[in-house]
Amino acid sequence: MADIAAPAYRVIPIIPVLKPGAMEGKGPFIASDKIQEAIGFPGQLVEDWHDRAIAKMGDLLGKYRSLKVYMDACVHCGACSDKCHYFIGTQDPKNMPVARQDLMRSVYRRYFTWPGKLFPWLVGARDLTREVLDEWHNYFHQCSECRRCSVFCPYGIDTAEVTMAAREILDSVGYGQKYSNEIIGKVHKIGNNLGLPAPALRDTLEGLEEDVKEATGIDVRFPMDVKGAEVLLITPSADFFAEPHIDSLIGYAKVFHATGTSWTLSSMSSEAANFGMFIGNYEQLRKIALRIRQAALELGVKRIVVGECGHAWRVAYSFWNTLSGVGDGADETDQFAMMLQKQLDHRYKQPMHICEFTWDMIGQGALSFDKEANDKHIITFHDSCNVARGSSMGGYPGGQFDIPRNIIKAVANNFVEMSPATTHERTFCCGGGGGVLTDDLLDLRVKGALPRMEVLQQVKDEHGVNFMACICAICKAQFTKVMPIYGFDRKMVGGVHQLVSNAIKLGAK
Ligand code: SF4
Ligand code: SF4
């Protein structure tokens with residue numbers, strides 16, 4: 001930490017001066033054999049890794065047509081090259097999205113195209129050597145799969161999907177990432193990323209009930225494992241203990257209380273996050289999602305609501321239907337998916353984001369607020385990348401941008417937008433998404449936060465902004481860590497439901 005410093009702000013717009021090799025050897029810790037084997041991957045780099053990696057690549061190219069298109073379609077126009085926060089912050093040319101893709105594309109050409117097989121030097125084709133594999137491990141873990149680059153690509157090439165494929169290949173040969181794979185193991189074993197067992201979770205929730213009672217004089221419940229509750233809340237486990245996450249959990253509980261909605265958490269499935277997406281592994285993605293289905297079936301709930309977590313909402317919104325049967329398009333041959341479909345109340349969106357829930361309730365006049373309670377804040381909103389570019393809300397295009405902002409404006413008087421070049425679908429990643437929220441990548445995280453910090457500084461200087469709201473557990477954790485390095489107070493970041501919690505009127509209504 002001592003030798004990590006924030007890079008100087010740029011004069012915008014500027015294309016970074018190249019620093020070749022700046023981030024070489026700065027990749028993440030490698031997963032141990034214990035971590036790897038716990039989730040079914042080879043413990044160490046296998047002897048025949050080369051052949052297995054090429055076979056896996058062929059398998060993925062056959063399975064995911066998009067990956068093959070992405071390998072073939074790039075015309076190297078360069079439109080994406082300066083759009084990645086990690087390239088902007090690190091200045092390493094291999095962190096340009098097109099260069100990151102080319103790490104895989106060059107190998108693809110060598111083994112899967114005729115020109116590459118016959119004249120590799122003519123088409124930029126490379127053998128998959130141990131050096132290339134190390135380069136993959138290094139640079140494919142310097143991508144947060146945020147998809148900002150794809151917004152600017154005329155062909156819509158999605159570097160995130162290339163990164164996921166590379167990580168999947170690396171795992172299949174025993175060369176995984178410690179952080180993500182360790183966390184996936186904890187979810188399978190205990191039910192959440194933190195490895196927080198049920199009794200500890202129950203204690204935490206009871207403590208929260210006492211805290212809220214002390215602060216408001218009202219008995220707001222934080223129920224767990226309540227059979228027959230209307231709503232199952234699936235939220236990131238950071239909400240149970242981390243700051244400022246916990247303040248949003250209090251906000252959700254107050255919304256449920258004020259609207260008279262019966263709800264519950266599940267001790268068996270106490271995690272919204274799904275790191276299976278980060279490592280690009282369908283089996284892990286599904287296995288984690290199925291815990292939620294099991295909890296919903298066992299508790300007999302009618303609705304499933306997802307808390308403030310960016311990638312979790314993307315997984316829920318985009319993939320839960322085919323993974324677990326929550327939402328339209330469930331597999332009719334899957335009896336448990338069909339049981340769940342029968343059980344859920346289809347008058348409501350399945351799944352529903354907590355912001356959709358709260359905004360619906362505001363629309364129905366079921367909530368009232370004392371907006372002045374947030375007057376000490378001049379608020380801006382950071383769009384989290386997976387919500388902005390991988391999901392929607394409210395059943396209409398752009399709802400994921402409007403609804404959180406609408407809630408903020410309903411509960412607070414002072415709202416300021418950041419530069420439109422850095423919000424909505426053009427938002428910058430916080431720098432900690434996609435499985436890089438680990439201290440072994442802190443240097444990358446600090447540098448990757450640069451574009452967001454620059455724009456936050458602008459609105460702070462021009463409008464006195466002192467609070468940046470977001471709806472992602474990773475954004476909250478990343479910003480609280482890196483903002484002090486940029487000279488901001490870590491308390492400047494918080495959740496939308498933290499603001500709701502401050503202003504909501506509890507009691508008779
Ligand atoms: S981090 Fe985001 S912008 Fe950068 S290459 Fe990955 S998906 Fe593209
Ligand atoms: S914008 Fe698209 S086509 Fe152009 S270099 Fe980037 S990935 Fe290739």
Side-chain angles (χ1 to χ4, degrees), residues 15-16 22-23 26-28 66-106 108-109 123-124 135-168 170 177 180 277-280 310-311 314 382-391 421-438 441 443-452 472 474-475 478 482:
I15 295 180
M23 294 302 283
K26 297 205 172 174
S66 51
L67 183 64
K68 173 128 185 23
V69 171
Y70 298 157
M71 289 295 105
D72 288 326
C74 176
V75 292
H76 290 86
C77 68
C80 63
S81 55
D82 61 342
K83 304 303 186 294
C84 174
H85 50 294
Y86 293 126
F87 170 57
I88 292 169
T90 66
Q91 298 166 255
D92 187 322
K94 286 190 184 153
N95 273 329
M96 288 180 186
V98 59
R100 200 183 314 282
Q101 295 163 25
D102 274 358
L103 296 175
M104 183 180 284
R105 188 173 287 117
S106 54
Y108 161 75
R109 286 198 176 133
V123 291
E135 209 177 28
W136 279 24
H137 196 269
N138 194 58
Y139 286 102
F140 283 119
H141 288 103
Q142 296 188 32
C143 168
S144 57
E145 302 172 352
C146 78
R147 310 174 89 210
R148 185 171 196 267
C149 48
S150 69
V151 171
F152 298 88
C153 172
Y155 297 95
I157 293 173
D158 184 356
T159 315
E161 219 173 291
V162 179
T163 294
M164 288 172 192
R167 291 183 186 180
E168 163 89 314
L170 288 165
Q177 182 212 14
S180 293
M277 186 176 82
F278 294 160
I279 64 167
H311 84 279
R314 180 179 177 201
H382 164 78
D383 293 280
S384 302
C385 42
N386 274 299
V387 176
R389 290 186 285 264
S391 75
T422 72
T423 58
H424 297 73
E425 69 273 16
R426 294 177 166 217
T427 189
F428 275 106
C429 169
C430 62
V436 313
L437 190 76
T438 165
L441 290 171
D443 184 31
L444 175 82
R445 288 167 53 193
V446 170
K447 289 177 170 140
L450 177 70
R452 175 50 77 226
C472 174
I474 287 179
C475 294
Q478 157 75 351
V482 304

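Reckoned from all heavy atoms, side chains included, excluding hydrogens, waters and symmetry mates. Each ligand, and each atom within it, is numbered from 1 in the order the structure gives. Quick caveat, the model's predicted, so the values are computed rather than measured.
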Can a side-chain donor-acceptor contact be found between [Y] and [X] if the only test is distance below 3.5 angstrom?
{"X": "Arg452", "Y": "Thr427", "answer": "yes"}
{"X": "Asp92", "Y": "Tyr86", "answer": "no"}
{"X": "Arg167", "Y": "Gln177", "answer": "no"}

Q) Under 30°, 30 to 60°, or over 60°: which ring-plane class applies to Trp136 and Phe140, parallel, tilted or perpendicular? A) perpendicular

Q.
Over 60° means perpendicular and under 30° means parallel, so tell me whether His85 and Phe428 are parallel, tilted or perpendicular.
A. perpendicular

Q) Got a sec: is Cys80 within less than 2.8 Å of atom 6 (Fe) of ligand 2 via an N/O/S atom? A) yes

Q.
If the contact criterion is a heavy-atom separation under 4.0 Å, does Pro154 count as touching ligand 2?
A. yes

(Q) If the contact criterion is a heavy-atom separation under 4.0 Å, does Pro97 count as touching ligand 2? (A) no

**Q.** Arg147 and ligand 1 - part of the residue with a heavy-atom distance under 4.0 Å
**A.** backbone

Q.
Tell me whether Met96 reaches ligand 1 (any heavy atom closer than 4.0 angstrom to a ligand atom).
A. no

(Q) Using a 4.0 Å cut-off to any heavy atom of Cys84, which atoms of ligand 1 qualify? (A) 1 (S), 3 (S), 4 (Fe), 5 (S)

What residue and atom, counting heavy atoms only, is the protein's closest point to [atom], and at what distance?
{"atom": "atom 2 (Fe) of ligand 2", "answer": "Cys153 SG, 2.3 Å"}
{"atom": "atom 4 (Fe) of ligand 2", "answer": "Cys77 SG, 2.3 Å"}
{"atom": "atom 1 (S) of ligand 1", "answer": "Ser144 N, 3.2 Å"}
{"atom": "atom 6 (Fe) of ligand 1", "answer": "Cys143 SG, 2.4 Å"}
{"atom": "atom 8 (Fe) of ligand 2", "answer": "Cys74 SG, 2.3 Å"}
{"atom": "atom 5 (S) of ligand 1", "answer": "Arg100 NE, 3.4 Å"}

Would you give the length of the straight line joining atom [atom1] of [X] to atom [atom2] of [Y], rounded to the nearest 0.5 angstrom?
{"X": "Arg105", "Y": "Cys74", "atom1": "CZ", "atom2": "SG", "result": "4.0 Å"}
{"X": "Thr90", "Y": "Asn95", "atom1": "OG1", "atom2": "CG", "result": "4.0 Å"}
{"X": "Ser150", "Y": "Lys83", "atom1": "OG", "atom2": "NZ", "result": "12.0 Å"}

Can you list the ligand 2 atoms lying under 4.0 Å from a non-hydrogen atom of [X]?
{"X": "Gln101", "result": "7 (S)"}
{"X": "Ala79", "result": "1 (S)"}
{"X": "Tyr155", "result": "3 (S)"}
{"X": "His76", "result": "5 (S), 8 (Fe)"}
{"X": "Val98", "result": "5 (S)"}

Q: Find out whether Gln142 and Lys94 are in side-chain contact, i.e. whether some heavy atom of one side chain is under 4.5 Å from a heavy atom of the other.
A: no

**Q.** Flag, side chain of Arg148 to backbone of Cys84, donor-acceptor distance under 3.5 Å
**A.** no

Q.
Taking CZ in Phe152 as the centre, count heavy atoms belonging to other residues, nucleotides or ligands within less than 6.0 Å. Is the count above 12?
A. yes

